[in-house]
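Please read these numbers as outputs of a predicted model, since none were measured by experiment.
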Amino acid sequence: MASSSSEDDIPLMKRKKQVKNEHKGRSYSPRSAEQTPDPTQARSKSVIGEDESSDEEMPLAKRANSKSNGKHIKSEDSSDDDNVPLVSHWKHAFACIIIRLLTKKKKKYIGKESQTREKAAYSWKSSLYLQTKKRPAPKVEDSSDDEKPLAKVRKDIKKVPKVKAEDEKKVVKKQTKKVEEEEAEAQYKWWEQGNEDDGSTKWNELEHNGVLFPPAYEPHGIKMKYDGKPISLSPEAEEVASFFAALIETDHGKNPVFQKNFFSDWQEILKKDDKNPKISNFEKCDFRPMFEHFEIEKERKKQLTKAEKQQIKEEKTKVEEPYLYAIVDGRKEKVGNFRIEPPGLFRGRGDHPKTGRLKRRVMPEQVTLNLGENAPIPKPLPGHKWGGVVHIHEATWLASWKENINGTIKYVFLAATSSWKGQSDMQKFEKARELKKHVNRIRKDYSQQLNDKLMETRQRATAMYLIDKLALRAGNEKGDDEADTVGCCSLRYEHVTLEPPNTLVFDFLGKDSIRYHNSVTVEPQVFKNIKIFKKQVGPDNMIFDRLTTMSLNKHLSSYMKGLTAKVFRTYNASHTFQEQLDKLTREDDSVNDKLLSYNRANREVAILCNHQRSVSKNHGQMIAKIEDKIRAMKYQRKRLRRQIIQLDPKMKKSKMEEMQVESDLEDEWIEEHQKDLLVKEREKITTKFEKNNEKLVSEGQAALPEKELKEKLKAVDEMEKEMKREKQSGQIELKSNATVDKLLAQITKLDERIKATKNQALDKEEGKETALSTSKLNYIDPRISALWCKKHNVPVEKVFSKTLRDKFQWAMEVDDNWVSWSTVGLGPLILVAN
DNA sequence: GCCACAACTTAGCAGGGTGATT
DNA sequence: AATCACCCTGCTAAGTTGTGGC
C-alpha cells in the first residue's frame, strides 16, 4: 500500500524549481575562508545541474499555485482605505502632502468619525501625565485647535533641561535623575485604557527632532603603505582605508569576499582624487600602520581619568538630548535609533556576496521625515535639505532613508519602551494565545491532509507539521545577491536527509546563517511525504516546490484572523516555557535554585528556536580552568582522606575505596599541580613584598632589604621539602589539633564545593552556544515570568534587567487570574495521531 | 499573479559597563 | 584597587508579512 500510493501522490503537473543560487558547499562557519574568489565564476556554476532547463528557462511565475480562489481575504478596515492613502514612495508623498494639506481638516475624520473620536478622546485623557497645566476640553473636530497647546507642551518639556544646562554638573545630575523618576511614575499606562487600536491610523499629532547625523570625518594623517612605501590619501580615501584597517585582525578582514568588495569600492573612491596614488593590487596594501594607530588610540581612551570619561559622556548626552523623545498625540515617547547609521563597510553575515562593500555616508537629502502636519520641521545639517517630509498617519516610523548596499529602507522608530511597541508586542502574545483555541483543529486538519491527493495541499500540510513541531521560520525565497539561507518553505533537497524508518535529519543554514542541525523522529506520513517530494524535485531544488510563504499564510489566516507561520513560533516558545517552568519549579527551592529552573526552562525555548551564540574564544580555556580547579579540590580531598587514615587506621578501608573511585588524579598532574602551587606561593609573597616596599618608599621610609624577602620565601622552600617528604613516605604531616571529625567536616565542605563547581562547568558547557536572550526578548510572554515571580517570591529583577522591565511594563502587573499558557490548549510537541 | 517595495519584528555581535573576586 | 569575566545595550543585518502596481 505504502509504495503504490506514491503513484497517486504525484500531481498532474510536474514542475521543477531550480535553485537560483549556486549550490554552495556546506560550509557552516559564516566566516569560512573557502569562498570562490571570483563570484562571476562561482555564479556560472548554477547552471550545472542535471536538468538542462535551469533557472532562466523556468520563470518563477510558473511556480505559482494556479488555484486562485479569488476570495480576497481583506480586513474590514480596507473599506476606508481611500481616506488615508498609503504613501508608498516619498516622491509620491509630496503629491499626497499637498492633497492632505488642502483637505486635511475634513478628510481626517470622514468615514471613521466615531472611531477617531474615541481615540482622540482617549489620547487626550491620557495626556494628563504630560506634567503640564490642565488643558481645555478637547475639541475633536478641529485639529488646528490642538496645535497651540501641543506646541506649548513641547516647549515646556524642552525648557526643563535647558534651564538646567546653565547650572553646574551636580545640579544637572540630580535633576536629570529626578526627571527620570518622574517620567517613570508618569508613564502612560496604555494597557489600562480601553482597547482603541483600529490598526490603521497610528497617530493624529506627531512631533520630533529628526535624526542625529554622525560627525564629519576627521583625517588622522597616518600613512598606510603601498608596495612598502608610505602613501598619502585624500580624506575620503583615508576614511575608507581606515574602515578596513580597523578590521584586519577580525574574521571579516580576513574574508576574501570582504577584501575584494572593499577593495573595489575603495578603488572607486581613490579615483575621485587625482592626487591619490594608483593602487591596483590589494596584496601590496599594508594597512597595519593605521591599525596600530587605532590600537594606540583605544588604549589612550582607556587610560583617561574618570573625570575625563565623565565629561565625554556628558557631552554625548547633551548632543543626544533633543532626539531622545518624540511627542505622539501629546504624549512624550522615547525614540529608539535616532542616529543615522555611520558610514562603514557592510558586515554581511555568512556567505553574503556583498559583504565588505562600502556603506556610504547618509546625507539629509536622503532622509525622509514623518511628522504631523502641524509639527515644526527640524533643521537639517547646515547647508542641506531634507529629502522629504511626509505625514503618514498609518506608519510608526519617524524617519527613513535608503541604504546603498541592498537598497533597503532603514527606519527610525520609537524605543521598545514606547506604547506603540508595547502594544504591538502585547498583541503578538495575545494572538499567540488565541492560537490555543484553534490549534487542535489546525492540527487535526493538517494531519489528515498529510495524505491529501492534491500535492499542494499535501506539501502545505507537511510544512505546517514542521513549523508546528519544530518552530521553523516560514522561509521566504532569497535572491542571488544575498546569503544562501533557508526556512521551512525554502528548504532544499540537500537540507533534509531521510533515516528510515521515520527520522529526518535537518541540516541547513537559517537566518543569520546559523546552522540548524536536528534529528527528528516524525510521523510516518511526514517521512513518506518528504521522501516523495525529494524524489520529485531532485537535488538542489526546493522540497516544497508548490508552496510559498504567501500561500501558506493565506491558508493559516483562514483559521484565525492574523494567523501566520510566525505565530506558531511565538506560541510554541511561550507554551514550552510555561510547561517547563511548571515542571521544574519546586516550591521549597531556594530563590537561587528557582532561578536555575527558570533558566533551564528558558534554555529549552532557546534550543527549540535554535538561538545560538558563537562560543567565546576562550571558552575552552575557561572550562579547562574550572576543571583544574575541580582537580585541585579533589587533590585536597585526597590528602584529607589520607590524613584521616593516618589518624585512625580503622577508617582505612572505606577511605581507600573512596579514593579509588576518583582516578583522574594522575601522579603527573599532582606533580605539576604541586609545582604550580609553589610557583604561585612564591609569586604571591614576592609581589606582596614589592608592594609593601613601594608603599614604604612613597611614605618616605626605607625599603626593606632583599634579605627579608629571601627569609619569607624560605617558608615556601619548607613547603617544597615537606611535599617531597610526603611523596617519599606517603605520610602527611598532621596539624596538632587535627581530629577525624574535623577532617571529615572539611571533606564534606569540599564535596559541596566540588559539586557546585561541577554544576557551574556543566551549566557553562550546556549554555556555551545557546543564547537565552533572544527568546526572552521576543518569544516568551513576559506575563508568564511576571506571574511566576509573584507566585514564587522571586524578585522580578532577577529575571528581567532594567531594559526588559521597561519594555515589558505592560506585563508587570498581571493579576493572578490571568489565564496562563499551560492551562488551556495542547502543547506544541505533542504528536498528532493519524 | 508576480514582483518590488514598505514596514515592522527578530537576530547575533561588539564593546562598554559592572559587579564579583582576589 | 585592580583585574577579570560576564552581562547588558546599542547596533544593524536579516528575517516576516502585507500591499499595490504592472
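- Checked by atom type and distance alone, the side chain of Ser424(A) pairs as donor or acceptor with a backbone atom of Lys421(A) at under 3.5 Å.
- Taking the six-membered ring for Trp and thresholds of 30 and 60 degrees, Phe800(A) and Phe808(A) have ring planes inclined between 30 and 60 degrees apart.
- One finds a side-chain N or O of Lys421(A) lying less than 4.0 angstrom from the OP1 or OP2 phosphate oxygen of dT9(B).
- In this structure, Tyr598(A) and Phe577(A) have perpendicular ring planes: the angle between them is above 60°, well past the 30° mark.
- With sequence neighbours left out, the side chain to side chain contact (heavy atoms under 4.5 Å, CB included) criterion links Ile296(A) to Arg300(A).
- With rounding to the nearest 0.5 angstrom, the OG atom of Ser418(A) is 5.5 Å from the CD atom of Glu333(A).
- Distance, Asp425(A) CG to dT9(B) P: 8 Å, rounded to whole Å.
- Within 4.0 Å (heavy atoms only), Ser424(A) reaches sugar-phosphate atoms of the nucleic acid but no base atom.
- A centroid separation of 6.0 Å or more is found between the aromatic rings of Phe338(A) and His208(A).
- The listed nucleotides are dG12(B), dA6(B), dC3(B); the one nearest the side chain of Met550(A) is dC3(B).
- Each of Ser773(A) and Leu563(A) lies near DNA chain C, and the nucleotide nearest Ser773(A) is the one positioned closer to the 5' end.
- An OP1 or OP2 oxygen of dA11(B) is reached within less than 4.0 angstrom by a side-chain nitrogen or oxygen of Arg569(A).
- What separates CD1 of Ile312(A) from C1' of dG17(B) is a distance of 15 Å, to the nearest Å.
- At whole-Å resolution of the value, CD in Glu797(A) and P in dT18(B) are 17 Å apart.
- Sorted by first and then second residue, the salt bridge (charged side-chain N to carboxylate O under 4.0 Å, His left out) pairs with a member in residues 405-418 of chain A read Glu341(A)-Lys410(A); sequence neighbours excluded.
- Atom-to-atom, CH2 of Trp420(A) to P of dA7(B) comes out at 13 Å; the value is rounded to the nearest Å.
- Rounded to an integer number of Å, the gap from Leu472(A) CG to dA11(B) P is 13 Å.
- Toward the 5′ end of DNA chain B lies the nearest nucleotide of Ala395(A), the other residue of the pair Ala395(A) and Asn610(A) mapping further downstream.
- Residue-level contact check: Tyr779(A) touches the backbone only, with heavy atoms under 4.0 Å from sugar-phosphate atoms and none from bases.
- A close approach under 4.0 Å does not occur between any side-chain nitrogen or oxygen of Lys202(A) and OP1 or OP2 of dA7(B).
- The nearest whole Å value for the distance from the NE2 atom in His555(A) to the P atom in dT17(C) is 14 Å.
- Where Ser400(A) and Lys302(A) meet DNA chain B, the nucleotide closest to each residue was compared, and Ser400(A) sits on the side nearer the 5' end.
- When the P atom of dC13(B) is taken as reference, atom CD of Glu769(A) falls 12 Å away, rounded to whole Å.
- When rounded to the nearest whole Å, the span between CG of Asn602(A) and P of dC7(C) equals 13 Å.
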Q.
Each nucleotide in nucleotides 10-16 of chain C should get exactly one letter: B, S or -. Can you fill that in based on protein heavy atoms under 4.0 Å?
A. -SSSBSB
